[in-house]
Amino acid sequence: MNFNDIINQLASTDSTEFEKKEDRRGLLKGFGAKLAVAALPIAAGSLFSNKAYGQSKETIINVLNYLLKLELVKEKLYAEAGNVTDLIPAVYTEQFARIAVNNKSHITILQNIVTELGGTPYTVDPTKIDTTGGFGSGSGPFYKALTSFEEYLILMQVLSDGGVRIYKGQITEVASDKATVYALMQIHSVIARQATFIRYVRGYWVGADIKPWITNANSDTTNTAAQRAYSGETLTTQAGINIIGINGFTVNAASASQAFDEPLIMVDGNNIINRFIDLT
Amino acid sequence: MYLPFYCGNKVQELKSYNQYAIMKEAKNVTPDYETTANAGVSRRRFLGYAGGLAGAGLLIASCKKEDPDVIPEPGAADLGINDQGLMNLLFVAQQVEAAIYTQAVLTPYSGMKEYEKLWLTDMRDQEIAHREFLRNYLKGQGTAVETDLSIIDFGSRASVLENLEVIENLVVATFNEVGRLLVFTDNLEIIVKMASLEARHAATISNLRNEGSFFGPVDVTGSEPGSLPSNSVTILNRFLATKVSGNNLPNK
């Protein structure tokens with residue numbers, strides 16, 4: 001059985017599992033609306049500044065389709081990698097298969113929510129996806145990713161560390177739809193786990209000097225095209241609170257930056273994602 | 001925890017210390033307060049090994065003559081309501097995490113490898129950053145708790161990592177639920193920044209515990225389950241001397 005067969009077999013998740021999710025979504029939606037209204041008068045007297053936004057359905061659909069675009073690029077990458085013999089060391093087959101399967105599930109979840117909200121899920125012709133990051137040229141900065149495991153890991157790191165930040169930037173943009181917030185939170189932490197795995201393998205298998213977390217805005221690679229996924233990660237002040245040496249504890253600048261992953265707004269996320277698509 | 005003790009009750013106090021001595025012998029450990037100057041941790045450890053009675057002994061010992069006769073029953077600390085209560089729940093969780101990493105680095109388990117020490121130290125500092133950030137974010141109105149880490153054997157790699165995995169998975173799951181329970185976007189924005197770090201920790205610990213394992217409780221739909229505040233409070237209380245109550249938190 002080849003790698004893609006494994007993925008397809010694993011991916012044949014009983015559709016009732018997704019239906020159960022939809023049921024839960026229905027429950028949450030009703031409750032969320034009531035909660036927001038009921039909680040406001042009391043919470044208005046709370047410690048915090050009180051920004052509560054309402055987003056239109058169109059905004060939420062747009063957000064979900066943007067995330068779908070990212071996930072479809074990853075799906076194509078995983079499928080192509082699965083066709084390359086010996087790219088992925090056998091010892092890691094299980095984890096990479098699981099990442100690919102979870103990615104398919106994330107696509108299904110996002111599509112289902114878009115449909116439920118009355119929108120049309122984003123689609124892209126797979127032949128228009130350029131996993132080299134060359135806007136369709138086939139010779140982008142990640143052109144070695146399917147011939148070198150090390151380069152494959154670097155690309156996956158960009159898409160998973162960057163993916164975490166891309167989701168993070170959108171969770172607040174759908175804040176009025178609690179069920180969607182929950183669905184995105186549940187995917188967001190899984191992608192962070194994937195990023196941790198990739199970083200671990202880069203350290204353990206390839207020998208890269210890398211930790212499981214992002215330090216400052218270091219991409220931990222010499223591939224400069226990776227940098228967009230890390231810019232803006234140097235923050236050491238959060239909500240106006242300086243984290244360095246906070247309350248007399250020895251928290252240095254590196255730890256302060258590691259402790260918080262920063263969101264990417266949609267325009268920055270698109271600058272990462274769109275290079276993998278031939279938009280002509 | 002119920003502490004029906006009175007100031008100056010020498011009998012109870014002695015009994016407490018006596019019980020502590022027995023437990024110390026049984027566990028064959030030297031409590032930190034005998035070996036370190038870190039009073040905060042040592043008291044935690046003391047409560048941990050000795051349990052409620054000895055803890056009460058300490059309270060008695062600290063009583064002064066002018067104190068009122070009765071130490072009020074502490075009971076469970078209520079975490080509060082709405083967004084503020086939810087942020088407070090996360091503050092308590094960060095206190096537990098930071099305490100465990102602090103102790104794990106202070107008294108390394110046998111066979112701790114160099115890179116394990118490096119990562120555990122990094123995670124300690126990140127959790128301290130989270131804890132102190134939330135303390136300030138809550139403007140001093142958060143619930144500062146006393147931890148009780150007696151269920152962890154800090155000399156044992158297996159025990160430390162098993163408990164860390166429980167806590168890290170719980171915290172990730174708690175962030176996932178709290179994300180949708182929060183009303184105000186400012187609060188959501190700040191917790192999402194911490195949530196992915198917790199997931200990085202959970203995966204790192206899972207892999208240390210069981211090489212190749214990164215995805216913990218991720219379900220068949222590729223989603224990481226959430227934990228409602230009521231469940232999170234129950235598990236956090238296992239690591240707390242100051243029990244907390246989430247009865248007034250949003251929980252559906």
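The figures that follow rest on heavy atoms only: side chains count, while hydrogens, waters and symmetry mates do not.
Contacts between Leu235(A) and chain B at a heavy-atom distance below 4.5 Å involve the side chain alone, from C-beta outward. Interface residue Val192(B): backbone and side-chain heavy atoms are both found under 4.5 Å from chain A. With a 4.5 Å cut-off on non-hydrogen atoms, Ile191(A) does not touch chain B at all. Heavy atoms closer than 4.5 Å to chain A are found in the side chain of Asn207(B), but not in its backbone. For Val164(A), the part lying under 4.5 angstrom from a heavy atom of chain B is the side chain only. For Arg135(B), the part sitting under 4.5 Å from any heavy atom of chain A is the side chain, from C-beta outward, and nothing else. Both the backbone and the side chain of Phe260(A) come within contact range of chain B, each with at least one heavy atom under 4.5 Å from a heavy atom of that chain.
Listed for the Gln55(A) side chain is a donor-acceptor partner under 3.5 Å among the backbone atoms of Thr172(A). Of the possible donor and acceptor atoms, none in the side chain of Ser227(B) sits under 3.5 Å from a partner among the backbone N and O of Ala173(B).
Note on Arg193(A), Met185(A), Gln186(A): by heavy-atom pairs under 4.5 Å with chain B, the leading option is Arg193(A). Counting heavy-atom pairs closer than 4.5 Å to chain B, the top residue among Gly203(A), Ala256(A), Ala239(A) is Ala239(A). Counting heavy-atom pairs closer than 4.5 Å to chain A, the top residue among Ser213(B), Ser223(B), Gly179(B) is Ser223(B). Ranked by heavy-atom pairs under 4.5 Å with chain B, the list Ala192(A), Gly240(A), Pro212(A), Ser255(A) is led by Pro212(A). Considering only heavy-atom pairs separated by less than 4.5 Å from chain A, the leading option among Gln126(B), Arg124(B), His130(B) is Gln126(B). Ranking Ile241(A), Asn102(A), Asn242(A) against chain B, the residue ahead of the rest is Ile241(A), based on heavy-atom pairs under 4.5 Å.
The minimum heavy-atom distance between Arg98(A) and Gly216(B), with the atom names listed, is NH2-O, 4.4 Å. In this structure, Asp78(B) and Asn247(B) approach most closely via the heavy-atom pair OD1-N, 4.4 Å. Pairing each heavy atom of Tyr109(B) with each of Glu116(B), the nearest pair is OH-OE1, 2.9 Å.
Rounding to the nearest 0.5 angstrom, the gap separating the CD atom in Glu165(B) from the CD atom in Glu162(B) is 8.5 Å. The OH atom of Tyr230(A) lies 10.5 Å from the OG1 atom of Thr215(A); values are rounded to the nearest 0.5 Å.
Annotation: Tyr204(A), atom OH; neighbour count of heavy atoms from other residues, nucleotides and ligands within 6.0 Å does not exceed 12.
When the options Gln94(B), Met194(B), Glu127(B), His201(B) are evaluated for a side chain to side chain contact (heavy atoms under 4.5 Å, CB included) with Val171(B), the one that passes is Gln94(B).
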Test salt bridge (charged side-chain N to carboxylate O under 4.0 Å, His left out) applied to Lys168(A) and Glu189(B), step by step: CA-CA 8 Å; Lys168(A) 206 181 296 293; Glu189(B) 186 178 343; over 6 Å; no
Salt bridge (charged side-chain N to carboxylate O under 4.0 Å, His left out) between Glu262(A) and Arg165(A), worked out: CA-CA 6 Å; Glu262(A) 302 302 324; Arg165(A) 300 185 62 198; over 6 Å; no
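In this structure, Arg180(B) is positioned above the aromatic face of Tyr182(A), its NZ or CZ under 6.0 Å from the six-membered ring centre and within 45° of the axis.
Along residues 243-251 of chain A, the residues that come nearer than 4.5 angstrom to chain B, judged on non-hydrogen atoms, are Ile243(A), Ile246(A), Asn247(A), Phe249(A), Thr250(A), Val251(A) in order of number.
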